[in-house]
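Predicted model, so just to flag it, every value in this text is computed and none were measured. The first residue in the sequence is number 1, and the count goes up from there. First listed ligand is number 1; within each ligand, the first listed atom is number 1.
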Amino acid sequence: MIKKIPVILDGDPGHDDAIAWVLAAASPMLDIKAVTSVCGNQTIEKTTYNAGRIMTLVGLDAPLAMGRVKPLVADAIIAPTVHGNSGLDGPALPEPKNKPVDKDACTLMAEILEASDEPVVLFPTGPLTNIATLLLLYPHLKPKIRHIYLMGGGIDFGNWTPAAEFNILVDPEAADVVFTSGVPITMAGLDVTEQALVFPEDFERIRAVGNAVATVVAEWLDFFYGFHRSIGYPGAPVHDAVAIAALIRPEIMTMVDMFVAIETTGDYCRGTTVGDKLGVLNRPSNARVIMGIDRKAFVDLLAEAAAHYGKGA
Ligand code: RIB
Ligand code: CA
């Protein structure tokens, strides 16, 4: 019997967060202790509501807590052009079975870490606001964080600006707190997530699994691909699921340890994850950066996860 790894999911669902959580909830390796929402793709109210709907869809019975209403310093940036006005446009979803708990995300995360008899993995797949708040308010709990597998940044390019990726750009101050915390980090940035493309024929493979969750995942992909197709992508980059896959299937990826700094100033570069690939700064590595992935193996993983939720209708 493999001992499950205690984890916390923190995200801004968001279609790719939702697919990441379908993958996480299907994994026999993970024990999901809590889910926390963050302001990112949509307002905190909408991402929290979406989180509750996803948890109900996959039958995830864990506490859900609402994150901070805005980034640490900056004003919120949302992404309705990508995820729609609800933040999770597309298929009908069940109403949340449970309400969020009567405490904020940071308090719930701290309680889970405190109570755990072993260090816990954090999976932030949105802006790092909640994670930074946890580290700032509860520095004594750092040893109870086993590893942070995050989706964010991009060493070679950005997506929301030429230099910055959305999650980091929304809250660069939070990202700086996380990347200077000393907590082990695996970074699934655009360098790898833009390779993690799911093509329309893959959508049909997942839809053909035939259960309710697989059908919804296929319809999330249909919607999410709409924006990316309009800007020339051959498939949907399921960014956030790469962060989960990095723990459950690292062998399908290539990773490089390097020093990564977060730019928090600049008209053009605020929110950039500056990766010292050549080691010119002589600073110790603070992140394991994923630079490559076996795309087919990644899609296989998503299809396997979809099949976890039962055989066809
Ligand atoms: O840049 C991609 C990231 O921003 C993903 O996490 C997506 O969900 C959005 O949060
Ligand atoms: Ca996200």
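Looking at Asp16 against ligand 1, only its side chain comes within 4.0 Å, counting heavy atoms. Contact annotation: for Val82 versus ligand 1, there are no heavy atoms closer than 4.0 Å. With a 4.0 Å cut-off on non-hydrogen atoms, Thr193 does not touch ligand 1 at all.
Under the 6.0 Å cut-off for aromatic ring centres, His83 and Phe223 do not qualify, their centroids lying 6.0 Å or more apart.
Taking atom 6 (O) of ligand 1 as the reference point, the nearest protein heavy-atom neighbour is Asp240 OD1, 2.6 Å. Taking atom 3 (C) of ligand 1 as the reference point, the nearest protein heavy-atom neighbour is Glu165 OE2, 3.3 Å.
Checking only distances, His239 never comes within under 3.5 Å of ligand 1, N or O to N or O.
Not one N, O or S atom of Asn167 sits under 3.0 Å from the Ca ion (ligand 2). Contact annotation: Asp12 places an N, O or S atom under 3.0 Å from the Ca ion (ligand 2).
Between Asp156 and Lys277 a salt bridge is recorded (basic side-chain N to carboxylate O distance below 4.0 Å). A salt bridge links Asp222 with Arg207: the closest approach of a Lys/Arg side-chain nitrogen to an acidic carboxylate oxygen falls below 4.0 angstrom. At a threshold of 4.0 Å, the pair Arg249-Glu304 counts as salt-bridged, since one of the basic side-chain nitrogens sits closer than that to a carboxylate oxygen. Salt bridge absent: Glu118 and Lys144 never bring a charged side-chain N and a carboxylate O closer than 4.0 Å.
Heavy atoms only, all atoms of each residue included: Tyr225 and Pro200 are closest at CE2-CG, 3.6 Å. Listed here is the closest heavy atom pair of Ile78 and Asn41: CB-O, 3.6 Å.
Below 4.0 Å from some heavy atom of Asn41 lie the following atoms of ligand 1, by number and element: 7 (C), 8 (O), 9 (C), 10 (O). Applying the 4.0 Å criterion to heavy atoms of Asn167 picks out, from ligand 1, the atoms 3 (C), 4 (O), 5 (C), 6 (O), 9 (C), 10 (O). Near Met151, meaning under 4.0 Å from one of its heavy atoms, ligand 1 places the atoms 2 (C), 3 (C), 5 (C), 6 (O).
Closest to the Ca ion (ligand 2) among the N, O or S atoms of Asp240 is OD2.
Among Asp12, Leu190, Thr161, the single residue meeting the side chain to side chain contact (heavy atoms under 4.5 Å, CB included) criterion with Phe166 is Asp12.
One side chain, Glu95 or Tyr49, offers a donor N or O that lies under 3.5 Å from an acceptor on the other.
Expressed to the nearest 10°, the angle at the Ca ion (ligand 2) joining OD2 in Asp17 with O in Thr125 is 80°.
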